[in-house]
Amino acid sequence: MARLLPRSFYLDSPDVVARRLLGKLITRRIDNQKLSGRIVEIEAYLGLDDPAAHSYNGKTARNAVLFGPPGFAYVYFIYGMYYCLNVSCQPDGHAGGVLIRALEPVEGLETMARLRHLPASAKPQLLTSGPGRLCQALDITRAAHNGLDVTSRTSPLQILDDGFEPDLIRSSPRIGIRKAVEHPLRFVIEGNAFVSG
DNA sequence: GGAGCGATGTCCT
DNA sequence: GGACATCGCTCCG
């Protein structure tokens with residue numbers, strides 16, 4: 001039986017939490033249906049010390065969740081079309097978070113395909129490989145999910161540990177950023193077919 | 001299969 | 001007004 005990750009899981013620095021989240025299950029409850037996917041790619045954003053992080057220039061209305069307590073969803077809108085899902089890390093008052101970049105779909109693939117406007121026969125890699133894609137596949141939006149507690153028993157968006165352990169984790173530079181491009185803060189499960197890029 | 005590029009809303013300077 | 005933690009399409013080989 002999968003165990004809901006507690007708030008203490010997210011209390012550490014984003015690079016530590018990012019590694020630790022690889023292989024964990026994200027579950028999205030929509031009415032009576034459950035969608036789930038395993039985290040296979042993730043990036044760390046370090047807060048005030050990280051020029052690539054949304055929190056770098058201080059707290060604003062948009063990024064306030066990153067400065068709050070750990071274990072809350074930070075969902076933002078990007079390029080006029082897509083949402084991206086992060087989870088806040090570090091104690092209340094300290095900015096930091098992790099960006100979920102790719103999932104291996106586990107449950108509800110037909111619904112994911114429909115939400116992605118793809119035929120049911122579409123390759124599963126097209127469902128949740130990429131931060132914008134996975135939000136569309138799980139119907140995650142800023143209006144509905146920003147600021148949500150992912151450690152709550154009643155949350156429609158949770159992260160669980162089902163005992164899976166990645167064989168090998170590889171780090172590399174983060175994707176799609178223009179500042180602080182050199183830091184190896186992207187983490188993937190080595191060899192997993194659902195990693196993006 | 002890879003490079004180039006347009007779509008498109010929100011936030012901050 | 002510009003930048004943006006993206007994606008999917010076109011065009012070319």
Side-chain angles (χ1 to χ4, degrees), chain A residues 10 13-19 21-22 26 37 39-68 70 72-90 94-105 109 112-148 150 157 159 170-189 193-197:
Chain A
Y10 305 96
S13 68
D15 56 323
V16 170
V17 175
R19 286 177 176 274
L21 274 171
L22 282 176
I26 289 192
I39 299 171
V40 300
E41 177 180 352
I42 192 166
E43 288 177 355
Y45 287 87
L46 302 182
L48 294 171
D49 300 323
D50 181 0
H54 284 184
S55 45
Y56 181 60
N57 289 313
K59 186 174 177 178
T60 66
R62 176 205 192 199
N63 66 23
V65 174
L66 292 173
F67 288 82
F72 286 79
Y74 167 52
V75 181
Y76 66 90
F77 191 59
I78 189 71
Y79 296 118
M81 270 188 242
Y82 300 104
Y83 294 97
C84 291
L85 170 66
N86 299 247
V87 181
S88 63
C89 300
Q90 308 206 108
H94 296 260
V98 295
L99 168 69
I100 314 296
R101 284 199 56 90
L103 306 175
E104 177 174 340
L109 276 70
M112 293 182 192
R114 184 161 41 78
L115 287 165
R116 291 266 299 121
H117 312 292
L118 293 169
S121 59
K123 294 174 80 74
Q125 281 83 354
L126 289 175
L127 298 177
T128 53
S129 294
R133 288 170 171 177
L134 73 90
C135 283
Q136 192 175 38
L138 298 182
D139 192 27
I140 292 170
T141 62
R142 177 170 140 92
H145 304 292
N146 188 52
L148 217 68
V150 302
L157 185 65
I159 308 183
R170 175 176 295 278
S171 64
S172 66
R174 293 173 290 187
I175 290 183
I177 58 171
R178 300 153 99 110
K179 291 170 283 192
V181 296
E182 71 280 5
H183 299 107
L185 292 174
R186 170 178 178 254
F187 305 97
V188 307
I189 296 179
F194 294 89
V195 170
S196 78

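Reminder, nothing fancy here: chain letters follow the sequence lines and each chain counts from 1.
Residue-to-nucleotide contacts include no donor-acceptor pair under 3.5 Å from the side chain of A:Tyr79 to the base of B:dA7.
DNA chain C is contacted by A:Ala52, A:His54 of residues 47-57 of chain A, taking any non-hydrogen atom closer than 4.0 Å. Against DNA chain C, the stretch residues 126-133 of chain A makes heavy-atom approaches under 4.0 Å through A:Gly130, A:Pro131, A:Gly132, A:Arg133.
A:Arg62 places its CZ atom 16 Å from the P atom of B:dG9, with the value rounded to the nearest Å. One atom, CZ of A:Arg186, and another, P of C:dA5, lie 16 Å apart when rounded to the nearest Å. A:Met81 has its CE atom 13 Å from the P atom of B:dT10, to the nearest Å. Spacing between atom OH of A:Tyr82 and atom C1' of B:dT10 amounts to 16 Å, rounded to whole angstrom units. What separates OH of A:Tyr76 from P of B:dC12 is a distance of 14 Å, to the nearest Å. Distance A:Asn63 CG to B:dT13 P: 11 Å, rounded to the nearest Å. Remark: P of C:dA5 and CG of A:Leu46 are 15 Å apart, rounded to the nearest angstrom. Between A:Leu99 atom CG and C:dC4 atom P the separation is 16 Å, expressed in whole Å.
Taking only side-chain nitrogens and oxygens, A:Arg178 comes nearer than 4.0 Å to OP1 or OP2 of C:dC4. Put simply, A:Arg101 has a side-chain N or O that comes within less than 4.0 Å of OP1 or OP2 on C:dT6. Between A:Arg142 and B:dT10 there is no side-chain polar atom (N or O) within less than 4.0 angstrom of OP1 or OP2. Residue A:Thr60 places no side-chain N or O under 4.0 Å from the OP1 or OP2 atom of B:dC11.
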Checking A:Tyr56 against A:Asn63 for the side-chain contact (heavy atoms from CB on, under 4.5 Å) test, could you report, in this order, the C-alpha distance in whole Å, the side-chain angles of both residues, the deciding distance, and whether it holds? CA-CA 10 Å; A:Tyr56 181 60; A:Asn63 66 23; over 6 Å; no
List the steps and the verdict of side-chain contact (heavy atoms from CB on, under 4.5 Å) for A:Leu103 and A:Met112. CA-CA 12 Å; A:Leu103 306 175; A:Met112 293 182 192; over 6 Å; no
side-chain contact (heavy atoms from CB on, under 4.5 Å) between A:Leu85 and A:Ile26, worked out: CA-CA 11 Å; A:Leu85 170 66; A:Ile26 289 192; 4.1 Å; yes
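Contact check for A:Gln90 versus A:Ser13: side-chain heavy atoms found under the 4.5 Å cut-off. The shortest side-chain heavy-atom distance between A:Tyr76 and A:Leu66 does not fall under the 4.5 Å cut-off.
Annotation: of the two residues near DNA chain C, A:Arg116 and A:Leu66, the 5′-most nearest-nucleotide partner is A:Leu66.
Distance alone, capped at 3.5 Å, is enough to place a donor-acceptor pair between the A:Ser88 side chain and the A:Phe72 backbone. Of the possible polar contacts, none joining the A:Arg142 side chain to the A:Tyr83 backbone as a donor-acceptor pair under 3.5 Å is found. A donor-acceptor pair under 3.5 Å links the side-chain atoms of A:Ser129 to the main chain of A:Phe194, judged by distance alone. A:His183 places no side-chain N or O within donor-acceptor distance of the main-chain N or O of A:Tyr45, the cut-off being under 3.5 Å.
More than 12 heavy atoms of other residues, nucleotides or ligands sit less than 6.0 Å from atom CZ of A:Arg116.
Residues A:His54 and A:Tyr74 bring a donor and an acceptor atom of their side chains to less than 3.5 Å of each other.
Using a 4.0 Å heavy-atom distance criterion, A:Phe77 is classed as a sugar-phosphate-only contact.
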Dot-bracket for DNA chain B: what is it, with Watson-Crick or G-U pairs under 3.5 Å, [ ] where a pair crosses earlier ones, and | for a pair to another strand? |||||||.||||.
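For A:Leu99 against A:Pro131, the heavy-atom pair with the smallest separation is CD1-CB, 4.3 Å.
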